[in-house]
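When reading the values below, keep in mind they use all heavy atoms of this one structure, side chains included, and skip hydrogens, waters and symmetry mates. Note that the coordinates shown come from a computational prediction; the quantities given were computed from them, not determined experimentally. Here is how names work: the chains are called A, B, and so on, in the same order as the sequence lines, proteins then strands, and each is numbered from 1.
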2 protein chains.
Amino acid sequence: MDQPEKPERAERPRRAETADALAYDVFSRACPSRGTLEHVTGRWGALTLGALYDGSFRFNELRRRVDGVSEKMLSQTLHALERDGLVHREAQPTNPPRVDYELTPLGRDVAERLLALIHFVEGRMDEVLVARGRYDDAARETRGGR
Amino acid sequence: MDQPEKPERAERPRRAETADALAYDVFSRACPSRGTLEHVTGRWGALTLGALYDGSFRFNELRRRVDGVSEKMLSQTLHALERDGLVHREAQPTNPPRVDYELTPLGRDVAERLLALIHFVEGRMDEVLVARGRYDDAARETRGGR
DNA sequence: CAGCATCCTTCCGGATACTG
DNA sequence: CAGTATCCGGAAGGATGCTG
């Protein structure tokens with residue numbers, strides 16, 4: 001495979017080890033929850049969980065629902081989510097093969113929180129856009145932009 | 001600057017435009033909420049919002065709280081979040097300079113949803129780890145790996 | 001202290017081809 | 001259909017040096 005996920009090498013001390021100042025949570029780079037959180041919130045992870053919240057789908061159905069995802073990325077994403085116990089893979093050894101993906105109970109709980117965040121952000125996009133306008137105006141003014 | 005964010009070019013049709021098959025518009029790359037959502041859920045964005053939920057912090061304080069973030073990434077992340085109206089930057093023109101960052105009310109609302117997700121995932125990491133063990137065992141068995 | 005600019009490495013992710 | 005394997009371009013991001 002290509003890059004089927006970082007092989008769990010959480011401890012790559014590129015800088016000083018100051019993690020001990022923090023409680024054992026996502027804020028420490030040594031914590032495995034950071035990895036799972038990135039699967040969940042990652043570009044394709046979030047969209048895949050969102051798509052699967054609507055029900056059970058086959059591989060190519062899913063690909064159509066998650067707009068823009070490549071075969072490779074969807075495959076990788078599904079593997080990561082399945083490994084984390086958020087997605088269940090049901091394969092029938094028929095010909096042609098048929099495989100269905102669906103959320104596990106845990107995956108459903110995660111997707112719920114995720115969608116709450118997504119929908120909240122969507123609902124406040126008008127405020128975000130206004131803030132962006134202000135920020136860009138101020139920046140243009142400061143740097144004497146054209 | 002280096003890559004201070006994609007300059008809002010939401011429509012880069014690498015593939016066919018089939019976004020209309022989806023209900024939520026975040027799933028369409030043409031929607032600006034996609035960008036903001038990625039600032040919020042992105043690797044450093046999520047951790048930065050989480051850290052700022054605890055109060056107001058100076059640049060290097062934040063860097064210490066968000067373990068592993070580089071100066072460049074923290075700077076970039078803070079700019080993106082400030083531009084989206086989620087973070088407020090308070091700079092005093094003293095010498096040496098002192099700059100404090102804190103969440104805006106909107107940022108606080110977003111961080112709340114985000115932390116709900118983060119804490120949920122953290123609280124269920126034991127289940128995730130068990131699932132990973134099962135998955136890896138099954139894979140090893142299938143491929144007869146060592 | 002609080003950053004920006006530059007270089008350079010890593011790796012994400014798309015295109016393509018092939019397998020069962 | 002449901003994937004895996006390989007190649008490779010471009011973006012993410014760390015290290016370093018400099019400014020106010």
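In this structure, a donor-acceptor pair under 3.5 Å is present between the side chains of A/Thr36 and B/Arg132.
Among residues two or more places apart in sequence or in another chain, the salt bridge (charged side-chain N to carboxylate O under 4.0 Å, His left out) test is passed with B/Asp126 by none.
At whole-Å resolution of the value, CE in A/Met73 and C1' in D/dT4 are 13 Å apart. If you take CG of A/Leu74 and P of C/dG14, they are 11 Å apart, rounded to a whole angstrom. Across the protein-nucleic acid pair, A/Phe57 atom CZ and D/dC1 atom P stand 17 Å apart, rounded to whole Å. In this structure, the CZ atom of B/Arg63 is 15 Å from the P atom of D/dG13, given to the nearest Å. Remark: P of D/dT4 and CD of A/Gln76 are 10 Å apart, rounded to the nearest angstrom. Nucleotide D/dA2 holds its C1' atom 7 Å from the OH atom of A/Tyr101, rounded to whole Å. Atom CG in A/Asn95 sits about 17 Å away from atom P in C/dT19, given to the nearest Å. The CD atom of B/Glu90 sits 17 Å away from the C1' atom of C/dG3 (whole-angstrom rounding).
Considering only side-chain atoms of A/Glu71, the nucleotide from C/dA2, D/dT4, D/dG13 that sits closest is D/dT4. The side chain of B/Pro97 lies closest to C/dC1 when the candidates are C/dA17, C/dG14, C/dC1. Closest to the side chain of B/Lys72, from the set C/dA2, C/dG3, D/dG13, is D/dG13. Taking every side-chain heavy atom of B/Phe59 into account, C/dA2 is the closest of C/dG14, D/dG14, C/dA2. Each of C/dA2, D/dG3, C/dG3 was ranked by its minimum atom distance to the side chain of B/Asn60; first place goes to C/dA2.
Within the structure, every pair that satisfies the side-chain hydrogen bond (donor to acceptor under 3.5 Å, both in side chains) test and touches residues 51-61 of chain B, not counting sequence neighbours, is listed here: B/Tyr53-B/Glu112, B/Asp54-B/Arg65.
In terms of phosphate contacts, B/Arg43 brings no side-chain nitrogen or oxygen within less than 4.0 Å of OP1 or OP2 of C/dC12. A sub-4.0 Å separation between OP1 or OP2 of D/dT4 and a side-chain N or O of A/Ser75 is present. At D/dG3, one or more side-chain N or O atoms of A/Arg89 fall inside 4.0 Å of OP1 or OP2 (strictly under the cut-off). Taking side-chain N and O atoms only, B/His79 has a distance below 4.0 Å to OP1 or OP2 of C/dC4. Residue B/Arg58 has a polar side-chain atom (N or O) positioned under 4.0 Å from OP1 or OP2 of C/dA2.
Classified by interplanar angle (parallel below 30°, tilted 30° to 60°, perpendicular above 60°), the ring pair A/Phe59/A/Tyr101 is tilted.
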A/Arg134 vs A/Asp136, salt bridge (charged side-chain N to carboxylate O under 4.0 Å, His left out): CA-CA, chis, key distance, verdict | CA-CA 6 Å; A/Arg134 263 200 306 265; A/Asp136 291 345; over 6 Å; no

